[in-house]
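Index from 1, following the sequence. One-based numbering, in listed order, for ligands and for the atoms of each.
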Amino acid sequence: MIAPDGSIRAIFGKPLGTRVDAHGWIKTRRDSKGIHFIQLNDGSSFQDLQVVIEAGAVPEAALAQATTGACVRVSGELIASPGAGQSVELKASDLRVFGPADPATYPLQKKGHTMEFLREIAHLRVRSNTFGAVFRVRNALSFAIHKFFQERGFVYVNTPLITTSDAEGAGAMFRVTTLDPGKPANDADDFFGRPAYLAVSGQLEAEIFALAFTNVYTFGPTFRAENSNTPRHLAEFWMIEPEMAFCDLDGNRRLAEEFLKYIIAYVLDHCRPDLEFFNKRIDNTVLATLEHVAASAFEHVTYTEAVALLEKSGRNWEFPVHWGSDLQSEHERYLTEEVFRKPVIVTDYPAEIKAFYMRLNEDGKTVRAMDVLAPRIGEIIGGSQREERYDMLLEKIRAKGLPEEHYNWYLDLRSYGSAPHSGFGLGLERMMMYLTGMKNIRDVIPFPRTPGSADF
Ligand code: ATP
Ligand code: MN
C-alpha cells in the first residue's frame, strides 16, 4: 500500500505538479474561511508537509475526523507554497482517515509540554518535534558509527549480555537468576550453576576477538545497577567499544579523535534541520560547538600536566585537586572549556584510580589510560592501552584483590600469542546528549530505565 519512496521526505524532492499520496500523523490543523491547513508528518523529515484543503475538495466526514494526532492519507497535487517556511504544499483532492484521535483526550494537543510529562507518554512523545529530531539523529549516529569502523575493516563483534564474572568492577551489576527470591537457595542451584549478572562492558571479550581479528568493535546494550539518579546515568544504555591489536596509546588517541570528528561531521551533514531545531530550541551552542570540534585538532596533556594546570588555576574547587586524585566533572570542564577551548585528551593517569587491565608505564606509578574531554560535557570517551604482559597483569589482579580464578581466560590471552593492544569506550547516549544539547539522558533513549522506572 505504501511505496518505500512515498515518504514525506521523498515528496519534498518531487517537482511541482506531481500527484502524490502522503501518509502521516496530523501535527496541527488550522481552519479559516473555506480553507483548512494541516501540518502532516510521517517521521521521515523534520519539516512537516503543509496540506491545503479547499471547501468541498474532500469528503466532509473525513475532514471532520482530521484533527491533531489523527493518522491520514492525503492525495493531491504538489503546488508552490505562497506561505513562509515551506516551498511546496499539497493541494488535497482526497482525504482518508486511517485512525482518528479524540481531540478531547489526545495528550499532544498543545505545545510546551515539559520533558517530564513527555517521558510519561513515551508511546506518543516520538511524534513530537523534539523526539522526532532526537531519534532521527540517533539513527544517523548509529549508522555513522558502523560506517566509520566498517570503512576501516573493523569486525563487528557481539559480546555477551549475561556474564558470570564481575568484569572490571565498572559499576554495580544486576543479578540474573531463576531462583525464587522468596526461598533460601544455594548459588549452585541457580540457572548457570553460579551467580550471573548483566554485563557492564564488553571490553574483556572484545580483547579475545582483537587477538584474532586485529581490529574489532562492539556496539550493544550495557547494564549498570548504579542507584544514581543523575541526568547522565541510565541503568540500560548502549556502548561502543573498539579494540585494536598492534596499537599503542598514541594510535588509540588518534583513532578516538578521528572517530569523534567523523561521527559529528556525518550528523552535521545528514541531520541539518534536526540540529538547527536543537540549536534554536534546546541549546544555542550546539551547532557552533559541533562545527568547532569537527574542525579543531584535539589537545593532548598528561594527567600530571593537567593537575599542574588545575592547581595553578586559582579556583576554589568543590573537589580539591592534588596528584593522585581523580578528575571531577568541574576539573574536566575547566580544562576543555576554559584552558584549551577544544577537546582535550588526558593520558597517563595514576594506576590507583584506574582499572586493573591498563598498561603500567615505566615510571611504575602511572598507566596508559586516556580520557577524551569535550566542551559542555566533560568526559566523553575513556580508554587505554591494555596490559599485555602476563606477570604484570597477574600482579595487578592480586594487588587489586580481584578473584584470580575469574580471570583465567583473560590471563591465557597473555600466555598464548599476546600482543600490544588498545581500545576505548563511548556511551551512545552521552554522545547523543552532546549532539543534541538535550539535558537529560532519559530523553535521548527511546525507553529509559532508571531507578524506580522501567515503563513501556
Ligand atoms: P561515569 O563516571 O560518568 O559514571 P564511568 O567512568 O562509569 O562513567 P566507563 O566505565 O568508562 O564510565 O564507561 C564507558 C562510557 O559509558 C562512559 O564514558 C560513558 O560515556 C558511558 N556510561 C557509563 N556509565 C553510564 C550510565 N550509567 N549511563 C549511560 N552512559 C554511561
Ligand atoms: Mn560510572
Side-chain angles (χ1 to χ4, degrees), residues 134 138 141-142 145 159 161 163 166-174 197-207 217-243 252-253 256 259-260 263-264 303 319 325-333 336 343-347 349-350 352-358 367-374 376-386 400 422-436 438-454:
V134 163
R138 189 174 166 119
L141 173 61
S142 302
I145 288 165
T159 52
L161 303 190
T163 174
D166 97 337
E168 32 166 316
M173 303 179 92
F174 288 101
Y197 307 90
L198 291 178
V200 293
S201 156
Q203 180 203 316
L204 304 193
E205 289 88 355
E207 288 184 48
Y217 69 106
T218 73
F219 186 169
T222 314
F223 308 87
R224 297 192 184 178
E226 31 204 10
N227 205 355
S228 51
N229 244 314
T230 81
R232 309 181 338 121
H233 289 91
L234 290 163
E236 176 183 291
F237 64 99
W238 288 64
M239 191 139 76
I240 299 97
E241 296 177 284
E243 191 70 35
N252 205 13
R253 198 153 55 75
F259 173 60
L260 284 178
I263 56 183
I264 290 172
Y303 167 89
F319 298 92
S325 65
D326 206 356
L327 300 185
Q328 303 294 325
S329 209
E330 54 173 341
H331 311 132
E332 295 175 341
R333 294 191 60 168
T336 182
V344 192
I345 307 190
V346 183
T347 60
Y349 285 74
E352 290 79 51
I353 59 171
K354 289 290 182 185
F356 76 95
Y357 50 71
M358 298 189 180
V367 288
R368 290 200 185 156
M370 68 167 196
D371 280 358
V372 182
L373 315 180
R376 246 185 45 226
I377 193 162
E379 181 190 335
I380 187 154
I381 279 180
S384 67
Q385 182 171 340
R386 322 304 189 189
K400 297 239 174 197
S422 302
F424 61 81
L426 169 73
L428 183 71
E429 289 76 17
R430 296 276 176 89
M431 189 66 205
M432 277 297 296
M433 293 173 79
Y434 197 59
L435 289 170
T436 61
M438 295 292 284
K439 301 283 178 299
N440 195 311
I441 198 165
R442 296 159 206 219
D443 299 326
V444 295
I445 189 165
F447 307 105
R449 271 84 183 94
T450 52
S453 165

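- The part of I441 lying near ligand 1 is the side chain, judged by heavy-atom distances below 4.0 Å.
- In terms of the side-chain contact (heavy atoms from CB on, under 4.5 Å) criterion, residue partners of M239 (sequence neighbours excluded) are, by chain and number, S201, T222, R224, F237, E241.
- The side chain to side chain contact (heavy atoms under 4.5 Å, CB included) test with I380 singles out one residue from L260, D371, T336, and that residue is L260.
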Item to check | side chain to side chain contact (heavy atoms under 4.5 Å, CB included) evaluation trace for M173 with F223 | outcome: CA-CA 7 Å; M173 303 179 92; F223 308 87; over 6 Å; no

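- Distance OH/Y357 to CD/Q203: 4.0 Å, rounded to 0.5 Å.
- Note: no N/O pair closer than 3.5 Å links M239 and ligand 1 by distance alone.
- Contact between E226 and ligand 1 is present, with at least one heavy atom of the residue lying under 4.0 Å from the ligand.
- Heavy atoms of R232 found under 4.0 angstrom from ligand 1 belong to the backbone as well as the side chain.
- For ligand 1, the atoms closer than 4.0 angstrom to any heavy atom of E379 are 18 (O).
- Classified by interplanar angle (parallel below 30°, tilted 30° to 60°, perpendicular above 60°), the ring pair Y303/Y349 is tilted.
- Looking at Y434, F237, F223, W238 and measuring to atom 26 (C) of ligand 1, the nearest heavy atom belongs to F237.
- Within the set Q203, K354, R224, the minimum heavy-atom distance to atom 9 (P) of ligand 1 is found for R224.
- For R442, there are no salt bridge (charged side-chain N to carboxylate O under 4.0 Å, His left out) partners, not counting sequence neighbours.
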